[in-house]
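Both backbone and side-chain heavy atoms feed into the values below; hydrogens, waters and symmetry mates do not.
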Amino acid sequence: MLADAKFHEQLLLFDRDIAATARAAGCTTCGGVLHSAQFQRKPRGGPPGLSEAFGQRFSFCCAIDGCRKRTTPASLRFLGRKVYLATVVTLISAMCHGLTATRLRQLSATLGIDRRTVARWRVWWLSTFTSEESAFRPIAAAAFMPPVDTATLPASVLARFRGGIEQQLVSLLRFLGPLTGGASAMRAF
């Protein structure tokens, strides 16, 4: 799935729909019209053959002088400021549960991802779902009953969604939406 360009292009279409909805809603501060303020990302870990548009992060800026508030909608392609694609961060982190040090080195070498980066992803998953400081923690806690097994994150969350792995991943990325779009996406949730 990580090598499937069609799957990743489908995520771009989902992001376009999310962005269109956010733009139509207007500025969350003053209600003004939102102008496009896209910016280029250089996402790592994507399959070859992705369109140039895949690296564009949808974002908007209020047209009202004195407000100019930026609105960055949720994304299924990007996890906040992470450099690697959301699919890579999620699936590699899920695969890492139970890995030996040797297998982690092999995985890191094959994909070109430093093992320390993978370790940071693990910390991110734990802090997102368990940290007292996480604004997302109450949302995550309320969404799953019984609570997810934090020892196997994100695999334990993926397993809570129905369908094949593609549908589970899309559902998880939609669930993580408030984390991907800044304050405006968190307020919308």
Side-chain angles (χ1 to χ4, degrees), residues 1-2 4-47 49-91 93-94 124-125 128-129 134-144 148 154 157-158 160-189:
M1 197 164 60
L2 291 175
D4 186 356
K6 282 186 176 182
F7 176 76
H8 285 83
E9 290 293 337
Q10 185 66 42
L11 295 179
L12 173 61
L13 293 177
F14 292 151
D15 276 6
R16 281 192 177 128
D17 289 344
I18 294 167
T21 301
R23 187 173 195 179
C27 178
T28 57
T29 303
C30 71
V33 173
L34 295 176
H35 289 181
S36 181
Q38 296 182 44
F39 54 93
Q40 186 67 35
R41 297 279 308 261
K42 295 180 184 176
R44 295 184 190 170
L50 290 177
S51 67
E52 190 173 310
F54 192 84
Q56 289 288 320
R57 182 65 168 100
F58 299 115
S59 191
F60 305 100
C61 184
C62 181
I64 305 297
D65 275 340
C67 180
R68 305 294 293 166
K69 181 81 173 158
R70 180 174 285 276
T71 298
T72 303
S75 172
L76 275 66
R77 295 172 295 149
F78 306 106
L79 280 177
R81 294 180 173 218
K82 294 201 177 330
V83 177
Y84 285 90
L85 293 175
T87 54
V88 174
V89 173
T90 302
L91 292 176
S93 297
W124 181 82
W125 281 105
T128 299
F129 282 83
S134 172
F136 191 71
R137 180 177 171 244
I139 295 168
F144 301 108
V148 294
V157 180
L158 270 170
R160 295 295 180 96
F161 296 103
R162 294 179 186 227
I165 187 64
E166 291 90 1
Q167 292 87 9
Q168 288 176 320
L169 182 58
V170 169
S171 296
L172 174 59
L173 295 175
R174 285 189 188 280
F175 177 71
L176 295 174
L179 296 172
T180 66
S184 61
M186 193 60 131
R187 278 193 307 272
F189 195 86

Handout entry: Side chain proximity check, Ile18 to Leu76, heavy atoms < 4.5 angstrom
Key = yes
Handout entry: CD1-CG distance between Ile139 and Leu179, expressed to the nearest 0.5 angstrom
Key = 7.5 Å
Practice task
Decide yes or no for Phe14 and Arg174: does some side-chain heavy atom of the first lie under 4.5 Å from some side-chain heavy atom of the second?
Solution key: yes
Practice task
Quick one: list whatever passes side-chain contact (heavy atoms from CB on, under 4.5 Å) with Ala20, sequence neighbours left out.
Solution key: none
Completion exercise
Closest heavy-atom pair, Ala135 versus Pro138, reported as atoms and distance to 0.1 Å, is O-CD, 3.4 Å
Practice task
First locate atom CZ of Phe60, then atom CZ of Arg23, and finally report the distance between them rounded to the nearest 0.5 Å.
Solution key: 5.5 Å
Handout entry: Thr87 backbone acceptor or donor facing Thr90 side chain under 3.5 Å
Key = no
Practice task
Could you check whether the rings of Phe144 and Phe175 sit parallel, tilted or perpendicular, using 30° and 60° as the cut-offs?
Solution key: perpendicular
Exercise for the section: Report the residues that fulfil side-chain contact (heavy atoms from CB on, under 4.5 Å) with Ser93, sequence neighbours left out, ordered by chain and then residue number. Expected result: Val89, Trp121, Trp125, Pro154
Handout entry: Residues forming a side-chain contact (heavy atoms from CB on, under 4.5 Å) with Ala141, sequence neighbours excluded
Key = none
Problem - Nearest-0.5 Å distance that lies between atom CZ in Arg162 and atom OG in Ser171 - result: 10.5 Å
Practice task
Taking atom types as modelled, find out whether Arg70 and Ser59 have a side-chain donor-acceptor pair closer than 3.5 angstrom.
Solution key: yes
Residues 163-170, side-chain donor-acceptor partners within the protein, below 3.5 Å, at least two apart:
unit_1 : atom_1 : unit_2 : atom_2 : d
Gln167 : OE1    : Gly164 : N      : 2.8
Gln168 : NE2    : Leu158 : O      : 3.3
Gln168 : NE2    : Phe161 : O      : 3.0

Practice task
Not counting sequence neighbours, list each pair that qualifies as a salt bridge (charged side-chain N to carboxylate O under 4.0 Å, His left out) and has a residue in residues 6-15.
Solution key: Asp15-Arg77
Practice task
List the atom of Leu12, the atom of Ser51, and the distance in Å for their closest heavy-atom pair.
Solution key: CD2-OG, 4.0 Å
Problem - salt bridge (charged side-chain N to carboxylate O under 4.0 Å, His left out) partners of Arg68, counting only residues at least two apart - result: none
Fill in the blank from the handout: Applying side-chain contact (heavy atoms from CB on, under 4.5 Å) to Ala22 and not counting sequence neighbours gives Pro73
Give the table of side-chain donor-acceptor pairs shorter than 3.5 Å for residues 30-46, with sequence neighbours excluded, one pair per line with atom names and distance.
unit_1 : atom_1 : unit_2 : atom_2 : d
Gln40  : OE1    : Gln56  : NE2    : 2.5
Arg41  : NH1    : Gly80  : O      : 3.1
Arg41  : NH2    : Lys82  : O      : 2.5

Completion exercise
In terms of heavy-atom contacts, Leu173 and Ala86 come closest through CD2-CB, 3.7 Å
Practice task
With the side chain counted from C-beta on, respond yes when Leu85 and Phe78 share a heavy-atom pair under 4.5 Å apart, and no when they do not.
Solution key: yes
Handout entry: Interatomic distance, Leu176 atom CG to Thr128 atom OG1 [nearest 0.5 angstrom]
Key = 7.5 Å
Exercise for the section: Can you run down the side chain to side chain donor-acceptor pair (under 3.5 Å) pairs that involve residues 134-143, sequence neighbours left out, and say none if there aren't any? Expected result: Glu132-Arg137
Problem - Taking every non-hydrogen atom, the tightest pair across Lys69 and Cys27 - result: CB-SG, 4.1 Å
